[in-house]
Amino acid sequence: MSKVFQKTTLIFLLATLTISCNKTKEEEEIITPKVKPKSVEFGFNLHDFNVVHDTIKSGDTFGSILDRQNLDGRQVHEIVAKVKDSFDVRSIRRGKPFTILRSKDKTNKIQVFIYQPDRLNYYLIDFRDSIVAHKMIRPLTFKSRTIAGALNGSLSETLQKLNVDPSLAPKIAKIYAWSIDFFKLKRGDKFGLKFTERYINDTVYDGVDSLKAAFFEYKGKKIYAFPFAPDENTKKQQYYDEEGKTLKNFFLKAPLKFVNITSHYSANRFHPVQLIWKAHKGTDYAAPTGTPIMTTAAGVVEQAGFTTGNGNFVKVKHDKVYSTQYLHMSKILVKRGQRVTQGQIIGKVGSTGLATGPHVCYRFWKNGVQVDALKLKLPTSTPMDGRYKAKYMAYMKPLKRELDSVAAISIK
């Protein structure tokens with residue numbers, strides 16, 4: 001290779017390297033610096049302030065918190081007087097969060113005070129122009145979910161495994177209280193649910209809002225539930241099945257929310273305390289001492305007192321035909337002659353009288369004769385007025401189709 005060629009090549013490489021370096025340097029000079037993303041909360045860009053997040057401590061008052069912001073007693077008194085109509089300063093509670101926004105200049109002066117009594121609501125005291133207080137509500141959004149599955153443990157456990165708030169379980173139990181004994185549901189029983197969930201600021205989960213549709217398999221049959229308000233004036237919803245029949249009956253299935261039957265109605269049973277064979281004219285539901293006992297239908301308290309055999313008991317007369325009795329209570333919560341509503345708590349489970357453990361013996365009368373409540377065909381409440389049937393069926397059918405289609409895909 002000639003010296004001339006080597007020299008030419010070297011010059012070319014140096015020129016290329018210089019151009020490349022200069023280009024890189026020019027590119028670096030025109031790169032736009034990254035803008036710090038906004039952090040917006042309570043309607044403020046927090047990057048514009050010096051922010052203090054804290055919680056109310058024991059002994060804290062609104063005044064003492066402001067004292068620590070370099071405000072003297074006179075100023076604090078004036079502030080309290082100005083905001084008292086919108087914010088009761090005595091309402092702040094220990095453990096609740098608050099936020100203070102201060103100016104970013106040398107004064108570091110308080111601009112805004114925000115107190116949060118719960119996740120949804122907050123009070124905002126603005127010091128910037130004139131001192132004003134506002135009660136604010138974070139924006140709520142509602143998102144719908146439809147799920148289907150098979151019971152794997154209790155209903156609340158199954159819901160939790162499906163990433164559903166387990167607090168939905170008692171709401172469902174209340175809706176189906178007249179038609180399903182949830183202690184008789186078995187592992188593998190199928191169900192479908194359509195419900196809405198609340199989100200604060202579109203991101204913070206705030207639980208289940210309402211149940212829009214449901215079905216449960218019970219004793220080989222699907223029992224559907226759809227909320228509907230026939231009377232547009234009152235907007236009061238009831239739950240109906242796919243035929244428009246109400247789920248709410250004259251009597252609840254049982255006097256406890258969740259029941260465990262330990263002894264059935266029997267013409268001849270060996271009494272565990274008296275140790276003799278005799279009739280057992282009731283149904284025993286075992287539950288921990290103190291469990292609330294509900295009256296299964298509305299009526300008037302006919303008797304409330306104590307006997308050696310029954311212990312503390314309550315008897316309710318519902319109408320000319322039906323009466324019910326609840327035995328062995330640890331505590332009676334109603335008085336003779338008192339009118340009670342269906343589902344009202346009338347006492348607490350106990351083991352008073354002739355009882356070996358905490359339970360309620362539930363007895364049932366029809367026309368003055370004791371009968372087996374579990375075998376009796378009980379009356380239902382008033383059916384849906386025919387005027388609303390067509391509207392209900394049009395509303396219900398797409399919900400039922402959605403439940404059934406999700407169930408067909410999700411449950412193998």
Side-chain angles (χ1 to χ4, degrees), residues 24-143 145 163-167 196-209:
T24 303
K25 186 177 180 181
E26 289 173 0
E27 286 178 347
E28 287 176 352
E29 288 175 351
I30 62 172
I31 290 174
T32 305
K34 290 184 178 179
V35 178
K36 201 171 186 180
K38 288 186 176 181
S39 176
V40 178
E41 194 173 2
F42 310 114
F44 297 96
N45 181 4
L46 299 187
H47 292 307
D48 295 339
F49 302 91
N50 291 326
V51 181
V52 176
H53 293 296
D54 206 342
T55 55
I56 305 295
K57 307 293 191 302
S58 179
D60 274 350
T61 64
F62 181 66
S64 66
I65 294 170
L66 293 187
D67 282 338
R68 297 196 290 268
Q69 308 309 310
N70 298 321
L71 296 173
D72 61 39
R74 181 182 58 80
Q75 289 174 302
V76 171
H77 180 76
E78 289 176 355
I79 291 166
V80 170
K82 286 182 179 180
V83 304
K84 65 180 182 180
D85 292 336
S86 304
F87 175 48
D88 183 358
V89 298
R90 297 168 299 178
S91 66
I92 64 173
R93 294 290 180 266
R94 183 177 63 180
K96 298 298 183 181
F98 68 89
T99 301
I100 292 174
L101 306 182
R102 294 191 181 121
S103 62
K104 277 197 165 182
D105 58 21
K106 292 180 181 179
T107 64
N108 199 27
K109 186 179 179 181
I110 184 170
Q111 303 291 293
V112 181
F113 174 87
I114 300 146
Y115 171 67
Q116 301 171 74
D118 53 57
R119 292 199 300 180
L120 183 60
N121 300 287
Y122 62 94
Y123 290 91
L124 189 153
I125 295 90
D126 195 332
F127 299 88
R128 289 172 298 178
D129 294 323
S130 58
I131 298 168
V132 291
H134 304 283
K135 182 179 180 181
M136 311 294 287
I137 301 175
R138 292 177 185 268
L140 271 179
T141 53
F142 299 88
K143 300 178 183 180
R145 282 179 67 189
N163 295 319
V164 179
D165 187 348
S167 69
T196 55
E197 296 174 301
R198 297 183 304 273
Y199 287 82
I200 299 171
N201 286 338
D202 205 37
T203 56
V204 180
Y205 181 71
D206 193 47
V208 172
D209 180 68

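Note: hydrogens, waters and symmetry copies are ignored here, and every other heavy atom, side chains too, is used. Just so it is clear, the model here is predicted, and its values are computed rather than measured.
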**OP:** Only one of T196, T203, D202 passes side chain to side chain contact (heavy atoms under 4.5 Å, CB included) with T141; say which it is.
**Re:** D202

Original post:
Applying salt bridge (charged side-chain N to carboxylate O under 4.0 Å, His left out), which residue pairs with at least one partner in residues 90-99 are found, sequence neighbours left out?
Top reply: D88-R90

Subject >> All side-chain contact (heavy atoms from CB on, under 4.5 Å) counterparts of R119, not counting sequence neighbours >> reply: I200, V204, D206

**OP:** Using side-chain hydrogen bond (donor to acceptor under 3.5 Å, both in side chains) as the criterion, list what pairs up with D126, not counting sequence neighbours.
**Re:** R128

Original post:
Hey, do the aromatic rings of F113 and F127 have their centres closer than 6.0 Å?
Top reply: no

Original post:
Mind checking what makes ring-ring contact (aromatic ring centres under 6.0 Å, His included) contact with Y122, not counting sequence neighbours?
Top reply: F42

Original post:
Looking at residues at least two apart in the chain, or sitting in another chain, which of them share a side-chain contact (heavy atoms from CB on, under 4.5 Å) with V89?
Top reply: F62, V80, V83, F87

Subject >> Residue K84 excluded, over 12 heavy atoms near NZ under 6.0 Å >> reply: no

Original post:
Could you state the interatomic distance from CZ (R198) to CG (D165), rounded to the nearest 0.5 Å?
Top reply: 8.5 Å

Subject >> Worked check of side chain to side chain contact (heavy atoms under 4.5 Å, CB included) between L101 and F44 >> reply: CA-CA 9 Å; L101 306 182; F44 297 96; 3.8 Å; yes

Subject >> Pairs involving residues 43-70, ordered by first then second residue, that meet salt bridge (charged side-chain N to carboxylate O under 4.0 Å, His left out) (sequence neighbours left out) >> reply: D54-K57, D60-R68

Original post:
Which pairs with one or both residues in residues 130-139 pass side-chain hydrogen bond (donor to acceptor under 3.5 Å, both in side chains), sequence neighbours excluded?
Top reply: Q116-R138

**OP:** Output the distance between atom CD1 (I56) and atom CD1 (I65), rounded to the nearest 0.5 Å.
**Re:** 3.5 Å

Original post:
Got a second to check how far Q69's CD is from I100's CD1, nearest 0.5 Å?
Top reply: 3.5 Å

**OP:** Provide the closest heavy-atom pair for G59 versus S64 in the form atom of the first, atom of the second, distance.
**Re:** O-OG, 4.4 Å

**OP:** Show your working on side chain to side chain donor-acceptor pair (under 3.5 Å) between T99 and H53 and close with a plain yes or no.
**Re:** CA-CA 5 Å; T99 301; H53 293 296; 3.1 Å; yes

Original post:
Quick one: OG on S86 to OH on Y123, what's the gap to the nearest 0.5 Å?
Top reply: 9.0 Å

Original post:
Listed by chain and number, what are the side-chain hydrogen bond (donor to acceptor under 3.5 Å, both in side chains) partners of N121, not counting sequence neighbours?
Top reply: D118

**OP:** Give a yes or no answer on whether the side chain of N50 reaches the backbone of S103 with a donor-acceptor pair at less than 3.5 Å.
**Re:** yes

Subject >> Derivation of the side chain to side chain contact (heavy atoms under 4.5 Å, CB included) call for V40 and L46 >> reply: CA-CA 6 Å; V40 178; L46 299 187; over 6 Å; no

Subject >> Closest approach of V76 to G63 (non-hydrogen atoms, all atoms of both residues) >> reply: CG1-CA, 3.6 Å

Original post:
Among all residues two or more places apart in sequence or in another chain, which pass the ring-ring contact (aromatic ring centres under 6.0 Å, His included) test with Y205?
Top reply: Y199

Subject >> Where A133 and I125 come nearest, the two heavy atoms and their spacing >> reply: CB-CG1, 3.9 Å

Original post:
For residues 98-110, which residue pairs qualify under salt bridge (charged side-chain N to carboxylate O under 4.0 Å, His left out), counting only residues two or more places apart or in two chains?
Top reply: none

Original post:
Taking side chain as C-beta onward, heavy atoms only, is I110 less than 4.5 Å from L66?
Top reply: yes

Subject >> Residues forming a side-chain contact (heavy atoms from CB on, under 4.5 Å) with D129, sequence neighbours excluded >> reply: none

Original post:
Are side-chain heavy atoms of F49 and Q111 found at a separation under 4.5 Å?
Top reply: yes

Subject >> By side-chain hydrogen bond (donor to acceptor under 3.5 Å, both in side chains) - contacts of E78 (at least two apart) >> reply: R74

